[in-house]
Amino acid sequence: MDYWSIYLLFVSLLGTILRTGGVELTFELPDNAKQCFFQEIEKNATAMLEFQVVTGGQYDVDVILKAPNKEIIYKQIKAQFDSHQFTADMSGVYQACFSNEFSTFSHKLVYMDFRVGDQSPLAGLGEHVTVMTQMESSAQEIHKNLNSILDYQTHHRLREAQGRKRAEDLNRGVLFWSITETFTILVICVGEVYVLKTFFTERKP
């Protein structure tokens, strides 16, 4: 596991700790591989599947979301990022599969957020029989805003990591071609000097 895998794994674990009711993680998807994740969802519960390919190849994967009866409720072919929100028609285990089987050489690093239900309210707010006070309402609003900020920060870190990885790949390519061109120029110079030297060298009979 390289630096980017460790960094993004930390980001996803941080989001998982601060958020409940789903799965949020970053995983490595090798070439010619397929990985599936399972989430139990109750009937009429709302859920959202969000993903983004962070590094690897053309930054694309195939995604399929299946209901417990194997019915396909969402499908994307060679997608870089997307999100899909749905309401469960039945209770059971839903399956989200990510496929990189069309790629022969490229490993992918994929971020996934499989969220179920709404954010949990602050502890103690539901224990009051009376209407919440203005302070409690403000605390609830701040709690929602902090969760939104967490999502924005996660997406910003992912975009930053993706941009850095692309910049490093571009820099590595420029460095490789610069070294190749330098070596080619040196070979040509040595060859030309040798050819010119043969023109002015007196040959023995």
Side-chain angles (χ1 to χ4, degrees), residues 1-18 23-37 48-65 72 74-84 95-114 149-205:
M1 184 176 292
D2 58 5
Y3 166 77
W4 293 111
S5 302
I6 297 175
Y7 172 76
L8 292 172
L9 180 61
F10 171 76
V11 171
S12 62
L13 287 177
L14 179 62
T16 304
I17 292 173
L18 297 177
V23 179
E24 183 181 12
L25 53 84
T26 304
F27 62 95
E28 186 175 0
L29 187 61
D31 53 285
N32 295 318
K34 180 180 180 180
Q35 292 191 23
C36 295
F37 301 89
M48 184 184 71
L49 175 65
E50 183 179 6
F51 69 92
Q52 178 178 345
V53 182
V54 183
T55 62
Q58 300 298 321
Y59 301 88
D60 53 357
V61 291
D62 296 340
V63 184
I64 297 179
L65 179 62
I72 298 177
Y74 173 75
K75 183 177 181 180
Q76 285 288 341
I77 303 298
K78 293 186 177 181
Q80 296 183 351
F81 60 89
D82 197 13
S83 62
H84 176 69
Q95 176 181 357
C97 293
F98 298 84
S99 174
N100 193 30
E101 296 174 323
F102 59 86
S103 180
T104 308
F105 303 103
S106 301
H107 284 53
K108 308 290 175 62
L109 195 63
V110 183
Y111 165 80
M112 180 197 70
D113 185 6
F114 201 168
I149 291 173
L150 175 63
D151 290 336
Y152 287 134
Q153 287 179 338
T154 300
H155 294 147
H156 176 72
R157 291 189 185 99
L158 290 172
R159 288 192 293 268
E160 181 184 12
Q162 189 179 56
R164 284 179 177 270
K165 186 63 169 61
R166 288 183 175 179
E168 288 184 357
D169 291 341
L170 180 61
N171 180 65
R172 190 179 300 111
V174 171
L175 179 62
F176 172 77
W177 284 110
S178 298
I179 295 175
T180 303
E181 289 181 356
T182 303
F183 178 77
T184 304
I185 292 173
L186 290 176
V187 171
I188 293 175
C189 290
V190 172
E192 289 181 348
V193 170
Y194 177 78
V195 172
L196 290 174
K197 184 179 180 181
T198 57
F199 290 161
F200 298 98
T201 301
E202 183 179 358
R203 298 181 180 180
K204 297 181 179 180

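- The shortest distance between side-chain heavy atoms of I77 and V63 does not fall below 4.5 Å.
- Counting only heavy atoms from C-beta outward, the side chains of T26 and V110 never approach each other to under 4.5 Å.
- Looking only at side-chain heavy atoms (C-beta outward), T55 and V53 stay at 4.5 Å or farther from each other.
- Shown here for L49 and M112, the closest heavy-atom pair between the two residues is CD1-CG, 3.9 Å.
- Atom NZ of K78 and atom CZ of F102 lie 5.5 Å apart (nearest 0.5 Å).
- When atom types are taken as modelled, the side chain of N100 and the backbone of S106 share a donor-acceptor pair closer than 3.5 angstrom.
- Evaluation of the side-chain contact (heavy atoms from CB on, under 4.5 Å) rule for Q35 yields F27, L29, P30, F37 as partners, not counting sequence neighbours.
- Atom CG of D82 is separated from atom CD of Q76 by 5.0 Å, given to the nearest 0.5 angstrom.
- Looking at every heavy atom in both residues, Q58 comes nearest to Q80 through O-NE2, 3.4 Å.
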Could you give the side-chain donor-acceptor pairs of residues 178-185 under 3.5 Å, partners two or more places apart or in another chain?
from	atom 1	to	atom 2	distance (Å)
S178	OG	V174	O	2.8
T180	OG1	F176	O	2.9
T182	OG1	S178	O	2.8
T184	OG1	T180	O	2.7

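- F98 CZ to L65 CG: the interatomic distance, rounded to the nearest 0.5 Å, is 9.0 Å.
- Between F51 and D113 the shortest side-chain heavy-atom distance does not fall below 4.5 Å.
- Cation-pi check for K108 over Y59 is not met; the charged atom does not lie both under 6.0 angstrom from the ring centroid and within 45 degrees of its normal.
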E101/D62 under side chain to side chain contact (heavy atoms under 4.5 Å, CB included): CA gap, chis, key distance, verdict: CA-CA 9 Å; E101 296 174 323; D62 296 340; over 6 Å; no
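- Evaluation of the side-chain contact (heavy atoms from CB on, under 4.5 Å) rule for I64 yields K66, I72, K75 as partners, not counting sequence neighbours.
- Within the 4.5 Å cutoff, side-chain heavy atoms of M48 are placed close to those of E50.
- Distance alone, capped at 3.5 Å, places no donor-acceptor pair between the D31 side chain and the S103 backbone.
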